[in-house]
*Asks:* 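Next up is a structure, given as structure tokens.
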Amino acid sequence: MGAIRRHPIISSVLVVLVCLLLVVVLTALAVWRAAHTDDASRIEHVDAILVLGAAQYNGTPSPVFVGRLDQAVLLYREGRADTLIVLGGSEPGDRTTEAAAGRAYLVQHGVPDTSVVAEPVGTTTLESLRAAATYMHDHDMQSAFLVSDPWHNLRIKRMAGDLGIQGYASATWTSAARTEGTRFEGYLRETFAYLYYRILGR
């Protein structure tokens, strides 16, 4: 310790490293806490339900996407909103978009087609939420349930708020991401994704 005190540069580096570690730990705790909070338990009704897209295969939603879509159906059947907006564009080589595949799934599962909107824009969460914000603002909508996987809650609520959406997270716990390893990976990835967004805004 005496050697460290005699070298102010080393001391400064250690202080910075400790501060960075503290930021990461506190962010991880915030991600975990947000993941275990379902805003639908206290919010009765919103203007729309936003479903964040996930992989689809020639129009068939992936198991992760199905988990999100089923959660949206549950919220809709409970009368939490009159409009569902499915988000997500396409990757190179795709025959359709995540939004279109999700919309078709919802209609097949009993949601009236007049209640489902597809916003096939964006290959990132932020791009998709920007498209949703534009649609909502054009249709005088302000509030929405945000449906994704739980570890996304903190970041998507922050993004939605920055875009002028009063967002409430109501995540699915029935997606394919069920193992402890997969969930740990999700929390870890989202911790750094949230910090990346807060620092760089994207």
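Just so you know, residue 1 is the first one in the sequence shown, and it goes up from there. Computed over heavy atoms, backbone and side chain alike; hydrogens, waters and symmetry mates excluded.
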*Asks:* Measure the CG-CG distance between L195 and L26 for me, rounded to the nearest 0.5 Å.
*Replies:*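 Between atom CG of L195 and atom CG of L26 there are 10.0 Å.
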
*Asks:* Kindly work out whether a path of hydrophobic side-chain contacts (I/L/V/M/F/W/Y, heavy atoms less than 4.5 Å apart) joins I199 to Y196.
*Replies:* yes

*Asks:* So which pairs with a foot in residues 114-133 pass side chain to side chain donor-acceptor pair (under 3.5 Å), sequence neighbours left out?
*Replies:*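 Residue pairs with at least one partner in residues 114-133: Y76-S115, T123-E127.
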
*Asks:* Would you say I156 ends up clustered with Y194 if hydrophobic residues are merged whenever their side chains have heavy atoms under 4.5 Å apart, either directly or through other cluster members?
*Replies:*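 Different clusters: Y194 never reaches I156 through Ile, Leu, Val, Met, Phe, Trp or Tyr contacts under 4.5 Å.
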
*Asks:* Say whether, by atom type as modelled, one donor and one acceptor occur between the side chain of R155 and the main chain of E190 under 3.5 angstrom.
*Replies:*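 Flag not set: sc R155 to bb E190 has no pair under 3.5 Å.
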
*Asks:* Could you walk me through whether V24 and F192 pass the side-chain contact (heavy atoms from CB on, under 4.5 Å) test, one step at a time?
*Replies:* CA-CA 8 Å; V24 171; F192 290 100; 4.1 Å; yes

*Asks:* Can you tell me how far the CG atom of N58 sits from the CZ atom of R95, to the nearest 0.5 Å?
*Replies:*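 Here the rounded value is 4.5 Å.
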
*Asks:* Do I165 and V117 land in one hydrophobic cluster if side-chain heavy atoms of ILVMFWY residues count as linked below 4.5 Å?
*Replies:* yes

*Asks:* H152 versus L52: any side-chain heavy-atom pair under 4.5 Å?
*Replies:*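 They are not in contact (no side-chain heavy atoms under 4.5 Å apart), so the answer is no.
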
*Asks:* The test is side-chain contact (heavy atoms from CB on, under 4.5 Å); show your working for L126 and L163 and say whether it passes.
*Replies:* CA-CA 9 Å; L126 184 56; L163 293 168; 4.3 Å; yes

*Asks:* CZ of R158 to CG of L129: how many Å apart, nearest 0.5 Å?
*Replies:* 14.0 Å

*Asks:* Mind checking whether L87 and L84 sit in one hydrophobic cluster, side chains of I, L, V, M, F, W, Y counted as touching below 4.5 Å?
*Replies:*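 As far as the 4.5 Å side-chain criterion goes, L84 and L87 are not connected within one cluster.
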
*Asks:* Where is the tightest heavy-atom contact between A55 and E98, given as atom of each residue plus distance?
*Replies:* N-OE2, 4.2 Å

*Asks:* Which pair of non-hydrogen atoms, one from L50 and one from A144, has the smallest distance, and what is that distance?
*Replies:*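 Heavy-atom minimum between the residues: CG-CB, 3.8 Å.
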
*Asks:* Looking only at side chains, do D38 and S170 share a donor and an acceptor under 3.5 Å apart?
*Replies:*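 Per modelled atom types, D38 and S170 side chains form a pair under 3.5 Å.
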
*Asks:* Can you check whether Y105 reaches V116 side chain to side chain, under 4.5 Å on heavy atoms?
*Replies:*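 No, their side chains stay 4.5 Å or more apart.
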
*Asks:* May I have the step-by-step check of side-chain contact (heavy atoms from CB on, under 4.5 Å) for T172 and D149, ending in yes or no?
*Replies:* CA-CA 6 Å; T172 175; D149 288 316; 3.5 Å; yes

*Asks:* Would you say Y187 ends up clustered with Y197 if hydrophobic residues are merged whenever their side chains have heavy atoms under 4.5 Å apart, either directly or through other cluster members?
*Replies:* no

*Asks:* More than 12 non-hydrogen atoms from neighbouring residues, nucleotides or ligands closer than 6.0 Å to CZ on R189, yes or no?
*Replies:* yes

*Asks:* Looking at F145 and I43, what are the two nearest heavy atoms and their distance?
*Replies:*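 Between these two residues, the closest heavy atoms are CZ-O, 3.4 Å.
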
*Asks:* Side chains of L69 and L106: closer than 4.5 Å at any heavy-atom pair?
*Replies:* yes

*Asks:* Would a 4.5 Å heavy-atom cut-off, applied to side chains only, mark R68 and V64 as touching?
*Replies:* yes

*Asks:* Do the side chains of W32 and T191 get nearer than 4.5 Å, heavy atoms only?
*Replies:* no

*Asks:* Tell me, with the steps shown, if L146 and N153 meet side-chain contact (heavy atoms from CB on, under 4.5 Å).
*Replies:* CA-CA 8 Å; L146 309 171; N153 284 356; over 6 Å; no

*Asks:* Assign the ring pair W173 / H36 to parallel, tilted or perpendicular, where the plane angle (0 to 90°) is split at 30° and 60°.
*Replies:* tilted

*Asks:* Does D113 offer a backbone N or O that forms a donor-acceptor pair with the side chain of R103 under 3.5 Å?
*Replies:* yes

*Asks:* Can you tell me how far CD of Q56 sits from CD of E91, rounded to the nearest 0.5 angstrom?
*Replies:*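 Here the rounded value is 9.5 Å.
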
*Asks:* Roughly how far apart are D47 CG and H139 NE2, rounded to 0.5 Å?
*Replies:*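 Atom-to-atom, D47:CG and H139:NE2 are 12.0 Å apart.
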
*Asks:* Taking all atoms of both residues into account, what is the closest heavy-atom pair of I85 and A48, and its distance?
*Replies:*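 Smallest heavy-atom distance, with atoms named: CD1-CB, 4.0 Å.
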
*Asks:* Which pair of heavy atoms, one from A72 and one from V147, lies closest together, and at what distance?
*Replies:* N-CG1, 4.4 Å

*Asks:* More than 12 heavy atoms of other residues, nucleotides or ligands under 6.0 Å from CD of E78: is that the case?
*Replies:*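 More than 12 within 6.0 Å, yes.
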
*Asks:* How close do Y168 and S143 get, counting heavy atoms only, and between which atoms?
*Replies:* CE1-CB, 4.2 Å

